[in-house]
Amino acid sequence: MLKQAWNKQAKAGIAIAVVLALALVPLLPGAIDSYAFSFLFFVFIYAIMAQGWNLVAGFGGQISLGNHAFFGLGAYTTAILWSGNYLWGSLYDAYPRIYYFDPVTMVLGGLVAAVAAIIIGLPLLSKLRGDYFALGTLGFGEIVKVMFINGGDFTGGAFGVVAPASTFDTLLPHYLVGLGLMVGTALAIRLLMRSRYGLALIAVRDDEMAASANGIDVLRVKVAAFAGSAFIAGIAGSLYTCYIFHVGPDSVFALDWMLLPLMMTVVGGTGTLLGPILGAFVMYAVFDLARIVVPDYHPVISGLTIILAMLFLPKGLMRSFGGKAA
Amino acid sequence: MLDVNNLEVAYGDVGALWGVSIHVDPGTIVAIVGANGAGKTTLLKTISGLLKPKRGEIFLAGAPLAGKAPEEIAGMGIAHVPEGRGLFRQMTVLENLELGAFQPKVRKRFKQSLEKAYALFPRLKERAGQKAGSLSGGEQQMLAIARATMSDPSLLILDEPSLGLSPIVVQQMFALIGTLHSQGVTILLVEQNIHQALKVADYAFVLKTGELAMQGTGTELLADPEIQKAYMGVLE
Amino acid sequence: MQPDETLLRLEAVQKRFGGLVVLNNIDIAVGANELIGLIGPNGAGKSTLFNLITALYTPTQGRIRFRGRDITGTAPHRICRLGIARTFQLVRTFLTMTAFENIMVGAVYGGGGRVRHATAAAEEALELVGLTAKRDVRTAHMTLSDRRLLEIARAVASSPALLLLDEPMAGLNPTEIQRMVDVIRRVRNERGVSILWVEHKVDAIMKVCSRVIVLDHGEKIADGTPREIVANRKVIEAYLGEPAA
Amino acid sequence: GDTEIVIGAPISLTGPLAGDGKEQKWAYEQAVADINKAGGIMVKSAGKKLPVRLVIADDESSEGKVASALENLIKVQKVDALLSTHSGPMNIAGAIVAEKYKKFYMITTAFPFEWQPLKLKYSALFFFHPGPGAEVPFEIWNKLPANEKPKNPALVTEDSPDGKGFGGAFEAAAKKYGYTFAVDDPWAIGATDYSALITKLKAADVDAMLVFGSPADTVTLLRQMKELGFSVPYLHGWKGTWTGEFHEALGPDSDYILTDGFWSASYPYKGAKELGDRYEAEFKKDSVTVGAFYANAQVLAQAIEKAGSTDADALHEAIFNQEFKDTVVGDLKFDQTGFALIPSVATQWWQGKHQLIYPDGNWTYKPAPAWDKR
Amino acid sequence: MTFNIPPPDILLQLSLNGALGGAMYGVAAVGLSLIFGTMRLIFLAQGAMIILAAYFVRALFYGLGIDPFLSLLIIIPVGLVVGWLIYQGLFRKAAAAEDRNISLLIAVGLMFLIQNLMTVVWGGNTAAIVTSYTASGIEILGVRTSFTRSMGFLIALAGTGLVVLFLRKTLVGKAVRAASEDMEAATLMGISPHRVNAIAFAIGIALAGAAGVAVATTFPFNPFAGFIFSLKALVALALGGIGNVAGALAGGILLGLIEAYVQYFISGGWTNAIAYGVFLAVLMFKPEGLFSRPYKKA
Ligand SMILES: Nc1ncnc2c1ncn2[C@@H]1O[C@H](COP(=O)(O)OP(=O)(O)OP(=O)(O)O)[C@@H](O)[C@H]1O
Ligand SMILES: Nc1ncnc2c1ncn2[C@@H]1O[C@H](COP(=O)(O)OP(=O)(O)OP(=O)(O)O)[C@@H](O)[C@H]1O
Ligand SMILES: [Mg+2]
Ligand SMILES: [Mg+2]
């Protein structure tokens, strides 16, 4: 008991220390222009995505293979609002500075994804369970991609949408917003899991029939988790657009945006709060290192790493080294 | 037939059995009784290889079972009807019975075994083409036992076979245990229905929180005041 | 019985799976604060009946009324919130949760209460079944009998008017059976809950229940006091058999 | 740097486009080696000739990964200027990153209709324009005798940014030259069955096809046309038809097929033939692209010399509105948007070789007979 | 766009060629179905295995002069062994674990690994085989169609038939189904669950080998061409009903028909969207697949 309490406190302490350290990184001389800085920024994006996947799959027990579609929806929403000529014209022309991480645009990116998740989640989740749901979401991802390719001028077709990059001058705000969103997502999920909603989510994961017999609206809980996961993915997509300035179907609807966060979560520890973040740090570091050290065949190394991690760390880092998970 | 010496089993760090030894003579019915959580299921699972013991040894007809996989142990003639029945719910009743006779030794006698099983459980014959998962609780238990007899085992392990059975079927089941016994099958029986179990058993062991508390012939234990007090409390 | 006292009423309920009629033309009425035993051979349709009442299945014919209101086709979670709670034949606890969290699910969602209020209800329910000492144990690590008790506590925590128990004594030894009997009596007496109780431990049913309903092959074949039931030839033939000893 | 000039390039070393990436890498390496052989680049600010070092980062054949590759080149490798990778969408992604970090990104192989609207300051592009490029087949048709002129031409393209862009250009050109397409249909990338499309073409009595697609898709289409006994006298391919693999996968069936290209070793320009010979010696086949990549490096080197530094603004001044002479693609004249046009090439496959038809063809076009008469 | 009803000969042509093309998805789906049905694993590396087999066929053809269809005699046994080894080496441990994500990710890792190893060994360019019968046509029902695709169809039919017989009729086949459902119970029957999983994997990979022959003789391919096969095979799998092996082949053929009709009547740009739309609709409204009979009592 005592040991457990200490363990918990120690974990929280380490987490706070790491966040503080990350927040202070920009103060180091030369840090902002270093590769490590953009490396960390990418880690944040993947950690947010992983966190979103963990919400629906780790805590909710519904394996979604369609989170890349929500990422893409968030990314496109941001890019279209910001550079297109829809609604009230180009946001960028109207407000030349606030388009970066404009909270309204970002939340809209998340909302569009969440609404899509509700529209697709209601029929899917009321009909499909387990593997069938996983397959369904995979199909959904492909459909969204094809729809965007065929979306005409509105989506920029197969070419996509470009936002003006000329005003970029430093990665600092990206870094800070990314860090803030990563920490914020983790805190939000922690709060959520301690609320009555978290109770219902775990109950549904453990036994749907018993959950419904105890008064839980199973479909609503599942759809809400799916939509929450999509919201997080949409925000991550929005953040990515602010960095990349060009969204196209092949880049933001790439399966990587689903597979890598999934893998990071499993490596870190499915159904744990810090696992997805830890997994994102470790795995992205491995991939990036491989890319720099052995550029000609780094995917081979990445593939091997995934296999080895799954063979030898199937429970995830958090559970293998961090004692029992929260 | 079966010798268990000084068995110790744990789930992770949590011990479940401490130094349990039992002995089963060929052709007898041996009952293991005890409260919930006493470790009865744990003992049976360890014998059939589903759990690995921390310490101790198990011999079947003199052959050590240590380190053997469950399927190998099954091949040596142990049939285990597990607590949760372990039916193949998506497969038909008939297919379940066929798989009961999976081992090469008994495949040839499949037809006779099937008739024998149907004779014991006519309900199963009616349901032969139905998915096992759609049977009622009691029907499923019947199927599980019938399936175990298909392999013509030398040692039949039953974990709470009367669980969820109606009184008539319970009676039939104990009669069946008697029949199998008279055919020379050795039976290791775990039961909550202590009265019935001790009545059919030649010998019985009482487990208490993972340790052997008592042993004796069925009649001895039935008469024991301790046992009566502890496990057969009359309803008020 | 007065109609307004009737809590649950099944009217000519039928359930078919494909061509197989599992329940046929069942009429059952459960009054307030009754403790009714439901017995019958394996496959008679007892669990199916429960699944119909809690809306996990929908009847192919007939109506189900609760407090006079037609609840046929209502979603399972609403049934619970209306005041019908149940346990399962194969225990279904939330395995990764602690005992207390399990009960909280019933208290918060079934009881429809606020979290603070629900906490008190959950503690009470835990106390009622005598599991207070196991409050923070994960149910994956609990024994079968404790999980059965826990299921009852979880159901009770949702403050039901009607509780459906599906073989709560299966797999329990006599001592534990006695404990279970006590719990069931307390639930009925202290909480004023009506209970419909499926069980094969006939002696327990006969001792405790005021009324017993017998199903056989999907038909209701008897409905009466325990005394009437044990003497009913049909029931003896179909189910009880001649007294063993 | 003061002692050397570091030039970075994202290249598809892995992933589906790794094959093309290998060719591109070879071309850049040749160009840098040749520059260094000549003593390097004269840089005014250093006051001497500086050697060039080429560093490469893998873009994994993915638009999304180009950004990471460039972050790596700019921040870890500290490159002074950049050369492009080789597909349109990836180069757009790359140009945007370069714009962010104010490093000059010298591009070839991207379509101006994708790049020009971005109005980027720190990248320049030379390539053929699908506008004039798309006119090539019509120019060729105009010179054909009346009985060989297509009556029912068809346009079939893959469903990709380039495919769509090109499709649009073809449609515009057809209008200009007075042709209408009897069939105008895209196919999904990686489609395995083209029988429905072929049935459609057959039903429309098509006698000429303009095809834009990857090598694998184009080969599958052609094979299936043969299987179904459908052939057209004039079949002109873009992107998928010029590689050696195309010829290998079709064998003699590749004869008569016309293909695009943006370079030819038979160009009269300085160094073209020599580069072509080197390529043939190394890879045992000819190429219709490596010259463009080689020229890309030539342009950047000349621009650095002109600008006297690798500063992005200085390079912008040195390239926009300027002319570059004697590259292996000839003279390049960049306009005020930073775009320079190179001619589009049309060749006809004949016994495994590209025979130049347009421009200035020394080879006369042969219409394809039916499959069983070849 | 106009919806002219085409003449019957064109319809026949569309249908025949669509069906033959779809059988390719079918072969891929049958192997996937077996692995999915027994291990509940979405084996995303199946497409990569098919391409690996195609490269192997090519090496046998150009290296040793072995005819691609004849090389089935080598590919199938090798596939069986490789499948067995892959299971024992990579999936044995994961199959016992409850977390299904782990085996999914191992499959993803394997896919990355194989794709990129192929790139390293054979380069990323398109590869192909040219034989005497490449691109030759034959007449079926008065309709001209591809010889190699017809052969692929036969391979698909034979492979599926054998697998179905194995699962339905043999005791080992039933054991494969049993172990996939309840591993612990299966062991108590004397069934070695790992052995039956390995059998399922071996057959699955052998079928990928057969599909590889069909692919190599028909299409040019590159190391990354397999993924689309995996996706299409998944669609075919769902159309046919998950775990329904014969249905997987039928699902593949149906998918081929859908694609052909969409390409002809609407536009090639929509084939994928419509195919995936049908896939979703089937999952939702008929999750047991289009070809499974509703359960009837004896
Ligand atoms: N999978 C498991 N993990 C951890 N502990 C377990 C596990 N299974 C059983 N136990 C514990 O081991 C002890 C013995 O359990 P076992 O199931 O053998 O008892 P039993 O005598 O069969 O009881 P019952 O009559 O309820 O079936 C109990 O304390 C139980 O909680
Ligand atoms: N989903 C289903 N599909 C087909 N048949 C079913 C289904 N559910 C139950 N049955 C059949 O309905 C009958 C009644 O089953 P039920 O589970 O209600 O019996 P029960 O009275 O609870 O029996 P027990 O006492 O053995 O638990 C059985 O014959 C069973 O096979
Ligand atoms: Mg037990
Ligand atoms: Mg029941």
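Numbers restart at 1 for each chain; the letters A, B, ... are given by sequence-line order, proteins then strands.
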Practice item. Find the one option among K164(D), E60(D), K121(D) whose heavy-atom pairs under 4.5 Å with chain A are most numerous. Key: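 When all of K164(D), E60(D), K121(D) are compared, E60(D) has the most.
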
Nearest non-hydrogen partners of [X] and [Y], listed with the distance:
X: T14(D); Y: P299(A); value: CG2-CD, 3.6 Å
X: G64(D); Y: S251(A); value: N-CB, 3.9 Å
X: S68(D); Y: Y284(A); value: OG-OH, 4.1 Å
X: S34(A); Y: K75(D); value: O-CD, 3.3 Å
X: N72(D); Y: I292(A); value: ND2-CG1, 3.6 Å
X: D58(D); Y: H298(A); value: OD2-NE2, 2.5 Å

With a 4.5 Å limit on heavy-atom distance, are the side chains of [X] and [Y] in contact?
X: D288(A); Y: E71(D); result: no
X: L13(D); Y: Y297(A); result: no
X: D159(D); Y: N150(A); result: yes

I need the [X] [atom1] to [Y] [atom2] distance, nearest 0.5 Å.
X: E114(D); Y: H246(A); atom1: CD; atom2: NE2; answer: 8.0 Å
X: K65(D); Y: D256(A); atom1: NZ; atom2: CG; answer: 4.5 Å
X: Y101(D); Y: T170(A); atom1: OH; atom2: OG1; answer: 8.0 Å
X: D250(A); Y: I189(D); atom1: CG; atom2: CD1; answer: 6.5 Å
X: F159(A); Y: F113(D); atom1: CZ; atom2: CZ; answer: 8.0 Å

Point to revise | Interface moiety of F42(A) toward chain D, non-hydrogen atoms closer than 4.5 Å | key: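 Looking at F42(A), just its side chain touches chain D.
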
Point to revise | Contact origin within Y240(A) toward chain D - heavy atom pairs under 4.5 Å | key: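 Looking at Y240(A), just its side chain touches chain D.
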
Exercise for review: Output yes when a side-chain donor or acceptor of K100(D) lies under 3.5 Å from a complementary backbone atom of Y243(A), and no otherwise.
Suggested key: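 Pair found, side chain donor or acceptor close to backbone of Y243(A).
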
Point to revise | Derivation and outcome, side chain to side chain contact (heavy atoms under 4.5 Å, CB included), residues F245(A) and I92(D) | key: CA-CA 10 Å; F245(A) 298 95; I92(D) 300 298; over 6 Å; no

Check your understanding: Considering only heavy atoms, which portion of A57(D) lies under 4.5 Å from any heavy atom of chain A: side chain, backbone, both, or neither?
Key ->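 Interface part for A57(D): neither.
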
